[in-house]
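Please read the structure below before turning to the comments.
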Amino acid sequence: MHSIAEVVLDSPARRLSLDGRDLDLTAVEFEILARLVQSAGVVVGRERLVAEVFERQLNPEDRALDVHIS
């Protein structure tokens, strides 16, 4: 289990909570947040996120990551 401030990530249970409230996330949203929480304090580049979450190389016109983050 990882936690940063009020965010708690329980990877085995695939749960993320904020201020003690579970957040309702899609699988992709969970994966993005999990990567960011697990890398707290380290800059995670777009290329790495796309490679790890979508399992493909970043294409300059690819906006999938932007859509899920927004």
Side-chain angles (χ1 to χ4, degrees):
M1 193 165 342
H2 293 86
S3 63
I4 301 171
E6 292 80 29
V7 176
V8 178
L9 173 72
D10 184 355
S11 292
R14 299 191 60 78
R15 291 179 44 206
L16 190 111
S17 62
L18 174 64
D19 291 327
R21 293 176 291 129
D22 285 345
L23 300 179
D24 187 25
L25 302 172
T26 67
V28 172
E29 291 167 343
F30 179 86
E31 290 300 326
I32 292 168
L33 283 171
R35 296 299 192 281
L36 295 173
V37 169
Q38 292 166 351
S39 300
V42 177
V43 174
V44 180
R46 293 177 59 80
E47 288 93 10
R48 179 176 161 195
L49 278 174
V50 169
E52 291 180 2
V53 174
F54 297 103
E55 298 178 348
R56 64 177 184 238
Q57 287 187 323
L58 180 64
N59 178 322
E61 287 121 26
D62 188 351
R63 292 291 168 232
L65 184 62
D66 301 335
V67 170
H68 287 286
I69 289 177
S70 68

query: So, does Thr26 use its side chain to make a donor-acceptor pair with the main chain of Glu29 at under 3.5 Å?
result: yes

- request: List the atom of Leu9, the atom of Ala34, and the distance in Å for their closest heavy-atom pair.
  value: CD2-CA, 3.8 Å

task: Return the set of residues passing salt bridge (Lys or Arg N to Asp or Glu O under 4.0 Å) with Asp10 (not counting sequence neighbours), or none when no residue passes.
output: none

query: Which residues pass the side-chain hydrogen bond (donor to acceptor under 3.5 Å, both in side chains) test with Arg21, sequence neighbours left out?
result: none

message: Measuring from atom NE2 of His68 to atom CG of Leu25, what distance do you get when rounded to the nearest 0.5 angstrom?
response: 12.0 Å

message: Using side-chain heavy atoms (C-beta onward) and a distance below 4.5 Å, is Leu23 in contact with Phe30?
response: no

field: Minimal non-hydrogen separation, Ala64 against Arg56, with atom names
entry: CB-NH2, 3.5 Å

query: Around atom CZ of Arg15, are there more than 12 heavy atoms of other residues, nucleotides or ligands at under 6.0 Å?
result: no

- prompt: Does Val7 share a hydrophobic cluster with Val28, counting links as ILVMFWY side-chain heavy atoms below 4.5 Å and allowing steps through other members?
  reply: no

query: More than 12 heavy atoms of other residues, nucleotides or ligands under 6.0 Å from CG of Asp24: is that the case?
result: no

message: Return the CG to CD distance between Asp62 and Gln57, rounded to the nearest 0.5 Å.
response: 11.5 Å

message: Please check this pair: side chain of Ser39 against backbone of Leu36, looking for a donor-acceptor N/O pair closer than 3.5 Å.
response: no

field: Gap separating the OG atom of Ser17 from the CE atom of Met1, nearest 0.5 angstrom
entry: 8.5 Å

field: Set of side chain to side chain contact (heavy atoms under 4.5 Å, CB included) partners for Leu65, sequence neighbours left out
entry: Ile32, Arg46, Leu49, Val50, Phe54, Ile69

